[in-house]
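For reference, the structure is listed below as structure tokens.
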Amino acid sequence: MTSRIADVLIPLALDTAYSYAVPDGLAVEEGDVVQVPLANREVAGVVWGMRDGQGGNLKKVTAVIEAPNLSPKMRKFLDWIAWYTLAPKGSALAMGLKIPDPDRQEVARVGVKLAGPSPKRMTPARQKVMEVAQDGTVRLKSELAHAAGVSAGVVNGLIDEGVLETVTLLAEPVAEMPDPAFGHTALSDGQREAADTLVAAMGEEHAPVLLLEGVTGSGKTEVYFEAVAEAMQQGRQTLILMPEIALTAQFLDRFAARFGVKPATWHSGVTGRKRERLYTAIAANEVKVVAGARSALFLPYADLGLIIVDEEHETAYKQDDGVHYHARDMAVVRGKIENAPVVLASATPSIESRVNVERGRYRHVKLPERFGGRSMPQIRAVDLRKEAIPKGRWLSPTLVAAVEDTVARGEQALLFLNRRGYAPLTLCRSCAHRYECPNCSSWLVEHRFRRSLVCHHCGHVERTPHACVECGSVDSLVPCGPGVERIAEEASELFPDKRCIVLSSDFPGGTERLRAELAAIAAGEFDIVIGTQLVAKGHNFPLMTLVGVLDADIGLTSGDPRAAERTFQMLQQVTGRAGRGEKPGRALVQTWQPDHPVIAALISGDAERFYEEETRVREMAGLPPFGRLASLVVSAAEREAAETHARAMALVAEPPPGVTVLGPAEAPLALIRGRYRFRLLVKTEREVDLQAYLRSWMARCPKIRGNTRVSIDVDPQSFL
DNA sequence: AGCACGCCGACT
DNA sequence: GTCGGCGTGCTC
């Protein structure tokens, strides 16, 4: 006897869907979320396929869960991701499936309003509440208490006495409907033309990918907002992807200025009931625009009509644990599957996107100038071979004079050094002991504010010792080299009456305080900002007219094949912070190698030439974009680290046909969250077969298979 | 992700 | 002896 069988994919690290018999009378369709027995428990999964067959010895589907059905397009997308990243299908599903928690209580929103009678006993606190409530409108309990400046207890007391009455409120809408016609911003001719190109792309039969390139301050956001408006007019949904850090109040305000309301936002901080409601509302096409971090790519959009990837070159789009993926590239794939145009926006596009433009896969839309006639900052090198800096100082006389000048005019200066902490290396003066990380043999960085030594590689932290741990000498530790904290010390010595602030990712007080301080900087409450990468992105400081780069050469000598590109992008972004307000900006770049291609391109502003040359250099080195590159990340428990490492190295020595291992020959081990990791770079000749090659390769070494994770690092070729 | 199973060292 | 630590493997 045949029966209906459902192949159910369970959101665990399982690569195949499991088969369950469908009981008579239970309506089950492909894409449905169902509850099934697994081992000795019940789990949720998604019906990946339906078929007829002998289901007698199979376990049965328990129930259909009330959750949005996963569309065929969504399932195809998740299948593709699993194949492409070599991750188990179930792991891919886990990224795109949110099961409503049946235990979660709907939090009733209780409103209160004035009922009539005056309180029997009047107190000052009650008086304040009465004054606020006088207008008779309904307010949330907490809002009323807050507006009156009293605690909730006072309001509760008045409710008990019958002075205030409670009203049950409808749930707050998850997101408000943006209005495409709300506020038209005046666009420049260049912006208008670019916006028209994007809008025209929305009507094409085969949705294209467009690279929107425009210097910092050229108004890219306003340009792609026009495409967002078009999608809304067509009744379709838009996803705006951004690096987590860029989901700022500033961006949301700009969106609100154009569309009347803020967009729905999705990131790791959106949790609980809010997350569930947003998820279902997106699946029901009730939310038209989502601005989100990379995880927003896996939401079940009912009718996705446009994807924007803001700051497409950002490395934050790479997910480096679990399923390894690059959200920008996956966005291109999702756009292809949904037939939605994808706009990649950046002031400094990645090499792979440039190559895709060159090869005709992506279209190039360029915004040549800054908006409102503002000019790009003037950039000058300070040649450290010619200009002496006093011992123990890091700011050159030229830069010091420029800062002095700038702050004297009431403008702001940014001192950029991409190195957290006080000093990158600590030595003992007596015995020359170097403080190294016990786990991964990198130097421990002194953090003076926190009074500790920190490993920036694995996160190991120890108290800064008073006496040398090696020879016992007291007060013998010498900090070597500068970090931002040390620069802050120097700045406050040089400019004692100026207000300085240090910004780095280990900013005390977390994101909340960081946001507040960024706003304070924009409002002019500081004169000198000392910061790492963090300040290079996303924030607009209208009063900032000088950017000093303290050591432009950091990163240029590392072994990373993308070091030059990354450094160039970072320096271009950070120098672009200058002169975004009324007054023109300038940048001074301290360097030991003013003739290095990265520095020369930065000074001359000739990005095109730099990228051409960089592409050629890579081609000669056999690196992408002209091959397919994968980065094998292998992780193992401590006990097996040595053996796993040895086996992986044996694989490296004997790659299958078509695969080239670029190295390193001896991959260094790093301890991250209790597991040893190392990375290998692998390239294949052919365009499509990388996954097949790697799977067969790993299969030859079963011992490390379970511990091996493979991420595809760069791939400019295979999507279209 | 859970959970069982099996292998090792330290105890009521 | 056996309790419990973790590392490994399985779940239709």
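Values below: all heavy atoms of this structure, side chains included; hydrogens, waters and symmetry mates excluded. Values in this document were obtained by computation on a predicted structure and should not be read as measured data. Naming: A, B, ... by sequence-line order, numbering from 1 per chain.
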Contacts under 3.5 Å, N or O only, protein and nucleotides 10-12 of chain C:
from: C/dT11; atom 1: O3'; to: A/Ala39; atom 2: N; distance (Å): 3.1
from: C/dC12; atom 1: OP1; to: A/Pro37; atom 2: O; distance (Å): 3.4
from: C/dC12; atom 1: OP1; to: A/Ala39; atom 2: N; distance (Å): 3.4
from: C/dC12; atom 1: OP2; to: A/Lys59; atom 2: NZ; distance (Å): 2.8
from: C/dC12; atom 1: O3'; to: A/Ser19; atom 2: O; distance (Å): 3.0
from: C/dC12; atom 1: O3'; to: A/Lys59; atom 2: N; distance (Å): 3.2
from: C/dC12; atom 1: O2; to: A/Ser19; atom 2: N; distance (Å): 2.7

What donor-acceptor contacts under 3.5 angstrom involve side-chain atoms of residues 287-301 of chain A, with partners at least two apart or in another chain?
from: A/Lys288; atom 1: NZ; to: A/Gly235; atom 2: O; distance (Å): 2.9
from: A/Lys288; atom 1: NZ; to: A/Asn285; atom 2: OD1; distance (Å): 2.9
from: A/Arg294; atom 1: NH1; to: A/Ala316; atom 2: O; distance (Å): 2.8
from: A/Arg294; atom 1: NH1; to: A/Lys318; atom 2: O; distance (Å): 2.8
from: A/Ser295; atom 1: OG; to: A/Trp266; atom 2: NE1; distance (Å): 3.4
from: A/Tyr301; atom 1: OH; to: A/Ala296; atom 2: O; distance (Å): 2.7

Completion exercise
Outer limits of DNA chain B sitting under 4.0 Å from a non-hydrogen atom of chain A, read 5' to 3', are B/dA1 to B/dC3

Practice task
Taking the six-membered ring for Trp and the single ring otherwise, decide whether the centroids of A/Phe449 and A/His447 are under 6.0 Å apart.
Solution key: no

Problem - Shortest non-hydrogen separation from A/Ala327 to A/Leu241 and the atoms involved - result: O-CD1, 4.1 Å

Handout entry: salt bridge (charged side-chain N to carboxylate O under 4.0 Å, His left out) pairs, two or more places apart, involving residues 82-92 of chain A
Key = A/Asp79-A/Lys89

Handout entry: side chain to side chain donor-acceptor pair (under 3.5 Å) involving A/Ser504 - partner list, sequence neighbours excluded
Key = A/Asp506

Practice task
Over all heavy atoms of both residues, which pair between A/Thr280 and A/Arg277 is shortest? Give the atoms and the distance, please.
Solution key: OG1-O, 3.1 Å

Exercise for the section: Scan A/Asn40 against the nucleic acid and name what it touches under 4.0 Å (heavy atoms): base, sugar-phosphate only, or nothing. Expected result: sugar-phosphate

Problem - salt bridge (charged side-chain N to carboxylate O under 4.0 Å, His left out) contacts touching residues 26-50 of chain A (sequence neighbours left out) - result: A/Glu30-A/Arg75

Problem - Contact summary for A/Ile10 and A/Ala44, nearest pair of heavy atoms - result: CG2-O, 4.1 Å

